[in-house]
Amino acid sequence: MITSPALPKPRQRLILAVLVLSSFLIWMDNTILSLTFQTLADPVRGLGATPAQLQWATGSYTLVFAALMFTAGALGDRFGHRTVLATGMATFAAASIWAAYAGDAGQLIAARAAMGVGSALIMPATMAILTWTFTGPARATAIGISSASAGVGLAAGPLLAGVLLDHFWWGSVFLINVPAVLVGLVGIAALIPEFRSPTPRPLDLTGLLLSISGLAALAYGLIRAGQVASWTPVDVWAPIVAGAILLCAFVFVELRSHQPSFDPRLLAQRTFGGGNAALGLLLFAMTAAGFYGAFYLQGARGFSPLQAGFATFPAALGAMVGGPLGIRLVRRWSLRPVTATALTVAALAMGSFAFFGLHTPLVWNEIVLLIQGLSIGIVMGSTTAALMNTLPLTQAGAGSAVTNTVRQTGSVLGIAVGGTIMSIAYRRGIGSALHDLPADVRERAQVSAEQTRHAAAVMHSPDLASAADAAFIHAMHVGAVWTMLIALTGAAVLAITLRPNRIRTDAVPEQAEAL
């Protein structure tokens with residue numbers, strides 16, 4: 001039997017601090033970019049990025065993250081988790097510098113994909129090192145502290161991005177990662193021993209190729225539909241069909257493998273599979289809602305990045321409070337009624353943006369985001385912990401890979417579908433206001449509200465700017481209804497698949513003793 005090396009408690013605490021910093025960077029980066037969308041779309045202050053390019057700037061990161069993460073765990077088993085963690089941190093820093101100085105949207109997309117490689121290497125290595133470093137009750141506490149870094153990162157990201165964008169150029173939101181990574185690398189080298197599994201898993205290169213190509217093709221077709229505002233062209237439906245076929249081939253290959261990196265058999269279990277499907281739908285809806293949220297505050301309402309950061313802070317605050325609150329509620333009323341109700345409330349909160357306009361009092365935005373964040377926090381933490389407890393310890397690693405991959409896949413599809421729905425609704429809403437414009441201006445104005453506002457400023461046409469705002473609000477309303485329906489579907493899945501007699505009220509572990 002392989003046991004963890006006995007490390008002094010002070011060193012364990014320092015190792016945990018390094019691991020928390022690694023997780024914090026990933027979660028913070030997820031929220032920093034969304035606040036930068038408005039600036040990146042600006043032809044003067046940013047890169048003049050189109051909605052499709054912004055979808056890819058997010059989607060390329062998440063796609064690589066989703067497809068590489070289950071392979072990264074096998075790399076840690078083979079080459080050592082400390083080595084993989086350090087490599088991931090260095091890759092993340094180098095890609096952040098590349099993103100900061102990207103000369104166009106294409107370079108930014110490529111740099112974001114490289115950042116996804118770094119994040120995919122960091123995440124499983126962090127959890128593996130934490131598991132090797134801590135034993136017994138201290139491990140549960142360490143996992144809880146590490147998980148809390150997600151909420152802190154989500155809260156800090158928008159505020160930090162707002163400060164940086166108000167005082168520096170947009171690339172500063174990526175450069176901020178570099179000093180934190182340097183501190184982390186020093187800590188890794190000085191504190192963390194090399195942990196390596198005595199029975200390394202084989203590298204699943206076939207699965208990696210099929211999954212990343214399938215997701216890429218599917219995302220390309222969905223995003224392309226938004227560019228052409230139609231689902232019928234061959235370059236829209238052909239990639240979607242090809243992506244679906246490749247993903248089916250991926251599942252088939254994994255089912256035939258004796259040691260699959262991604263085990264689809266786990267999803268056949270009613271509770272585990274249904275719970276993960278619901279979480280994937282939640283991430284789908286969250287990502288889609290986040291895409292139009294940033295443009296609403298900065299573009300349509302005219303808030304500065306810092307003001308928008310403060311305006312979105314209640315969502316992160318709610319998520320931080322909702323996590324521990326959900327655990328308490330589940331112990332009292334069981335998992336299914338708590339999570340299905342909370343996800344329903346989150347869905348209705350997302351849908352309420354269908355009633356928001358250019359002059360809606362900001363307090364309603366704050367209230368809705370607080371409720372939404374609180375509900376999502378209740379669902380995410382308690383559901384994940386309980387679902388992992390349905391698996392035997394020997395399947396914990398495989399279950400974690402499945403859960404994380406499903407979530408990231410939901411995010412990839414959310415940004416692709418959500419952005420595409422917004423683009424199609426916007427182009428249909430703005431069309432009537434563009435008939436009298438020159439052809440080149442009309443073509444640019446159909447791309448996004450940001451391009452239309454820029455054209456209106458150049459032409460000194462306040463009516464065109466007003467038309468852009470009205471078309472965006474209409475598109476946001478359409479997107480809000482779709483995200484609500486997706487999240488409600490997730491709530492229905494939870495209500496159907498989570499059986500009261502299958503998930504105990506004590507399935508969510510209590511906080512253990514202090515480290």
Does some side-chain heavy atom of [Y] sit less than 4.5 Å from a side-chain heavy atom of [X]?
X: Phe174; Y: Arg112; answer: yes
X: Leu121; Y: Leu85; answer: no
X: Leu54; Y: Thr50; answer: no
X: Leu209; Y: Leu205; answer: no
X: Phe353; Y: Leu369; answer: yes
X: Val18; Y: Ile192; answer: yes
X: Trp98; Y: Leu108; answer: no
X: Arg82; Y: Pro193; answer: no

When rounded to the nearest 0.5 angstrom, what is the spacing between [atom1] in [X] and [atom2] in [Y]?
X: Glu194; Y: His81; atom1: CD; atom2: NE2; value: 8.5 Å
X: Asn177; Y: Leu182; atom1: CG; atom2: CG; value: 11.0 Å
X: Leu413; Y: Leu283; atom1: CG; atom2: CG; value: 11.0 Å
X: Ile240; Y: Leu218; atom1: CD1; atom2: CG; value: 6.5 Å
X: Phe65; Y: Met123; atom1: CZ; atom2: CE; value: 4.0 Å
X: Phe284; Y: Trp482; atom1: CZ; atom2: CH2; value: 9.5 Å

Test item: [X] side-chain N/O and [Y] main-chain N/O as donor-acceptor pair under 3.5 Å:
X: Gln107; Y: Gly103; value: yes
X: Ser23; Y: Val20; value: no
X: Thr87; Y: Thr83; value: yes
X: Gln53; Y: Ala105; value: no
X: Ser60; Y: Ile109; value: yes

Heavy-atom closest pair, residues [X] and [Y]:
X: Glu254; Y: Gly207; value: OE2-CA, 3.7 Å
X: Met89; Y: Gly184; value: CE-CA, 4.0 Å
X: Leu246; Y: Ser213; value: CD1-OG, 3.7 Å
X: Ala219; Y: Leu63; value: CB-CD1, 4.5 Å
X: Ser211; Y: Leu247; value: O-CD2, 3.9 Å
X: Thr483; Y: Ala288; value: CG2-CB, 3.5 Å

message = Counting only heavy atoms from other residues, nucleotides and ligands, does the tally under 6.0 Å from CH2 of Trp170 exceed 12?
response = yes
query = Can you list the steps and then say if Leu279 with Val379 is a side chain to side chain contact (heavy atoms under 4.5 Å, CB included)?
reply = CA-CA 8 Å; Leu279 291 179; Val379 175; 4.1 Å; yes
request  = Assign the ring pair Tyr101 / Trp169 to parallel, tilted or perpendicular, where the plane angle (0 to 90°) is split at 30° and 60°.
outcome  = tilted
Thr344 and Leu488: CA distance, side-chain angles, deciding distance, side chain to side chain contact (heavy atoms under 4.5 Å, CB included) verdict = CA-CA 6 Å; Thr344 301; Leu488 284 175; 4.0 Å; yes
ask   = How far apart are the C-alpha atoms of Ile122 and Ile26, what are their side-chain angles, what is the distance that settles it, and do they pass the side chain to side chain contact (heavy atoms under 4.5 Å, CB included) test?
value = CA-CA 9 Å; Ile122 290 170; Ile26 294 175; 3.6 Å; yes
ask   = Is there a side chain to side chain contact (heavy atoms under 4.5 Å, CB included) between Phe92 and Val117 once you walk through the steps?
value = CA-CA 8 Å; Phe92 190 80; Val117 173; over 6 Å; no
